[in-house]
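Structure, as structure tokens:
Quick caveat: nothing in here was measured; it's all calculated off a predicted structure.
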Amino acid sequence: ITPIMKMFTLGSSFMPPSAHAGGLRYHGASPLISALKNDGIIKAESVNQNEVFKAALLFAQTEGIIPAPESAHAIAFVIRKAKQMKEEGKEGVILFCLSGHGLFDMSAYKSFLEGGLSDSICPEKEIAESLKNLPKV
């Protein structure tokens, strides 16, 4: 692991696109996660919010727990990974963390069910511009 623990961020002036998983809009990563990502030990994946809410509904229907949108990102990726493994004929165990319930997020679920959520991608140009403005440390 990188000996100097530093946090990676896109800077205080960067504003990510609006999403219903508010906790995921924070673009700084903890020093430990930053070091693991920087050293190639873990990798980051993104999931659009419509895929997230689709996965969350499936989870709620099968497990009886309405997950928070932040947790539903993990669920969506687990579903994606399980399908990939099945297609490749691989077996394995996938572990994820369900870190919160979605009872405070029912308006987001309602928006999804009514077709009111859009998938937004942060343009690479905006990310590059923000990174250019960070101080050299």
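- Among residues at least two apart or in separate chains, ring-ring contact (aromatic ring centres under 6.0 Å, His included) pairs with a member in residues 106-131 are Phe53-Tyr109, Phe53-Phe112.
- A salt bridge is defined here as a Lys NZ or Arg NE, NH1 or NH2 lying under 4.0 Å from an Asp or Glu carboxylate O, and Lys86 with Glu88 fails to meet this definition.
- Distance CG/Leu36 to CD1/Ile41: 5.0 Å, rounded to 0.5 Å.
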Under 3.5 Å, which donor-acceptor pairs do the side chains of residues 61-69 form with other protein atoms, sequence neighbours left out?
| from | atom 1 | to | atom 2 | distance (Å) |
| --- | --- | --- | --- | --- |
| Thr62 | OG1 | Leu58 | O | 2.9 |
| Thr62 | OG1 | Phe59 | O | 3.4 |

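- Distance check, rounded to the nearest 0.5 Å: CD of Glu51 to CD of Gln49 gives 11.5 Å.
- Residues Glu87 and Met85 fail the side-chain proximity criterion, which asks for heavy atoms closer than 4.5 Å.
- When hydrophobic clusters are built by joining Ile, Leu, Val, Met, Phe, Trp and Tyr residues whose side-chain heavy atoms come closer than 4.5 Å, directly or via intermediates, Leu103 is grouped together with Leu113.
- Cluster annotation: Leu57 and Leu117 are assigned to the same hydrophobic cluster (Ile/Leu/Val/Met/Phe/Trp/Tyr, side-chain heavy-atom contacts under 4.5 Å, transitive).
- In this structure, Asp105 CG and His101 NE2 are separated by 9.0 Å, a value rounded to the nearest 0.5 Å.
- Under the 4.5 Å side-chain heavy-atom criterion for ILVMFWY residues, no single connected hydrophobic cluster contains both Phe77 and Ile94.
- Scanning all heavy atoms of the two residues, the minimum distance from Glu45 to Arg80 falls at OE1-NH1, 4.4 Å.
- Counting heavy atoms of neighbouring residues, nucleotides and ligands inside a 6.0 Å radius, atom CD of Gln84 exceeds 12 of them.
- Ser71 places a side-chain N or O within donor-acceptor distance of the main-chain N or O of Gly100, the cut-off being under 3.5 Å.
- The NE2 atom of His73 sits 8.0 Å away from atom CG of Asn48, with the distance rounded to the nearest 0.5 Å.
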